Amino acid sequence: MRILGIDPGLATIGYALVDKETNHFEVLEYGVIKTSADKSDVERLEIIHRNIEALIKEFEPEEMAVEELFFNKNVKTAIVVGQARGVILLAGSQAGIKVAEYTPLQIKQAVVGYGRADKMQVQQMVKSLLNLSEIPRPDDAADALAISICHGHVYSAHSGWEERL
């Protein structure tokens, strides 16, 4: 199964492409999509959508996993991240791939085994589980890898997960 993991945002969007076969993960690519603050929000959303479409076209993932929006004290930030999530989810839906969403708590639980793990614990486990020589950078890309791992574990545990969504 090929998974596209996405850590959504407006300025920086983490992405990871991972193949999972039985209990083995293989990293194909990871990185970030950046949008410039000197562009309008609409232009930034278009850039995000185009880049997600390009990743889907190039790597042909079967599934997409996206982090759910967590509560944010800054309402404006929550709204623009929600809009970015919307164009990301739309790109997956338009491509006809299955899309799953996970909370930060679910991701930490799946990767570390503890829902209140700190960022460094998650990054160390990502490095270990994916047999990487170092912790992936930047943080948004490491988060996208964690989201991919989470989906791989959840999918394995619930082989009919799409029926529940």
Side-chain angles (χ1 to χ4, degrees), residues 1-35 44-70 80-112 119 122-165:
M1 170 179 49
R2 182 161 293 171
I3 304 164
L4 170 58
I6 304 284
D7 179 33
L10 185 65
T12 307
I13 302 88
Y15 69 88
L17 285 131
V18 175
D19 280 346
K20 180 174 190 265
E21 190 172 327
T22 59
N23 287 329
H24 176 73
F25 290 97
E26 180 184 345
V27 178
L28 302 175
E29 182 169 309
Y30 64 89
V32 294
I33 299 163
K34 291 187 174 262
T35 67
R44 294 170 91 178
L45 293 170
E46 183 181 349
I47 291 165
I48 294 166
H49 188 265
R50 264 191 281 118
N51 278 274
I52 297 298
E53 282 183 319
L55 286 169
I56 291 169
K57 186 175 183 179
E58 180 179 350
F59 291 95
E60 300 179 339
E62 299 159 78
E63 320 240 335
M64 178 191 285
V66 181
E67 184 174 25
E68 285 187 3
L69 185 60
F70 59 92
V80 296
V81 172
Q83 290 172 330
R85 284 186 77 256
V87 300
I88 291 164
L89 297 172
L90 176 63
S93 177
Q94 287 175 326
I97 58 178
K98 296 173 186 168
V99 179
E101 300 174 73
Y102 299 99
T103 66
L105 184 79
Q106 289 172 309
I107 295 163
K108 291 174 181 180
Q109 182 71 39
V111 174
V112 180
K119 190 172 269 307
V122 174
Q123 291 174 347
Q124 286 289 351
M125 282 303 293
V126 166
K127 176 185 171 221
S128 176
L129 290 169
L130 298 176
N131 295 313
L132 300 173
S133 59
E134 57 190 30
I135 290 174
R137 296 281 179 229
D139 288 353
D140 305 276
D143 292 346
L145 286 163
I147 294 160
S148 298
I149 293 168
C150 172
H151 182 67
H153 287 324
V154 169
Y155 181 86
S156 294
H158 303 42
S159 58
W161 73 271
E162 68 278 353
E163 295 171 9
R164 297 183 291 114
L165 298 177

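One-based numbering along the sequence shown. Note that this is a predicted model, so its numbers are computed, not measured.
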### Message
Do Lys20 and His151 have side chains that approach each other closer than 4.5 Å (heavy atoms only, starting at C-beta)?
### Response
no
### Query
Just by distance, do the side chain of Thr35 and the backbone of Leu10 share a donor-acceptor pair under 3.5 Å?
yes
### Task
Check whether any side-chain heavy atom of Gln124 sits under 4.5 Å from a side-chain heavy atom of Val112, and report yes or no.
no
### Message
Nearest 0.5 Å, please: how far is CG in Leu130 from NE2 in His24?
### Response
9.0 Å
### Task
Please round to the nearest 0.5 Å and tell me the distance separating atom CD1 of Ile33 and atom CD1 of Ile48.
7.5 Å
#### Entry: Considering all heavy atoms, the nearest Val99-Ser93 contact
CG2-N, 4.3 Å
#### Entry: Heavy-atom closest pair, residues Ala91 and Ile56
O-CD1, 3.8 Å
#### Entry: pair Val111-Leu129: side-chain heavy atoms closer than 4.5 Å
yes
### Query
Yes or no on side chain to side chain contact (heavy atoms under 4.5 Å, CB included) for Ile6 and Ile147, after CA distance, side-chain angles and deciding distance?
CA-CA 7 Å; Ile6 304 284; Ile147 294 160; 6.0 Å; no
### Query
At what distance, to the nearest 0.5 angstrom, does OH of Tyr15 lie from CG of Asp7?
13.5 Å
### Message
Nearest 0.5 Å, please: how far is CD in Glu63 from CE in Met1?
### Response
5.0 Å
### Query
Just wondering, do Val154 and Tyr102 contact through their side chains at under 4.5 Å, heavy atoms?
yes
#### Entry: Minimum-distance pair of heavy atoms, taken over all atoms of Gly31 and Ala141
O-CB, 3.5 Å
### Task
Could you tell me which non-hydrogen atom of Val126 sits nearest to which non-hydrogen atom of Ala142, and how far apart they are?
CG2-O, 4.2 Å
### Message
Within the structure provided, determine whether Ile52 and Val87 are in side-chain contact (heavy-atom separation under 4.5 Å).
### Response
no
### Query
Can you find a pair of side-chain heavy atoms, one from Leu17 and one from Leu55, that are under 4.5 Å apart?
yes
### Task
Nearest 0.5 Å please: distance from the OG atom of Ser148 over to the CZ atom of Arg2.
12.0 Å
#### Entry: Spacing of Ile97 atom CD1 and Leu4 atom CG [to the nearest 0.5 Å]
6.0 Å
### Task
Decide whether Asp139 and Gln123 meet the rule of one side-chain donor and one side-chain acceptor closer than 3.5 Å.
yes
### Task
Consider only side-chain N and O atoms of His153 and Gln106, and report whether a donor and an acceptor are under 3.5 Å apart.
no
### Message
Can you tell whether the side chains of Glu53 and Lys57 come within less than 4.0 Å, N to carboxylate O?
### Response
no
#### Entry: Minimum heavy-atom distance Val81-Pro8, with the two atoms named
CG1-O, 4.3 Å
### Task
Answer yes or no: is there a donor N or O on one side and an acceptor on the other, between the side chain of Arg85 and the main chain of Val80, under 3.5 Å?
no
### Any Asp140 side-chain heavy atom under 4.5 Å of Ile13 side chain
no
#### Entry: Minimum heavy-atom distance Gly14-Val32, with the two atoms named
CA-CG1, 4.1 Å
### Task
Answer yes or no: is there a side-chain heavy-atom contact under 4.5 Å between Val66 and Leu89?
yes
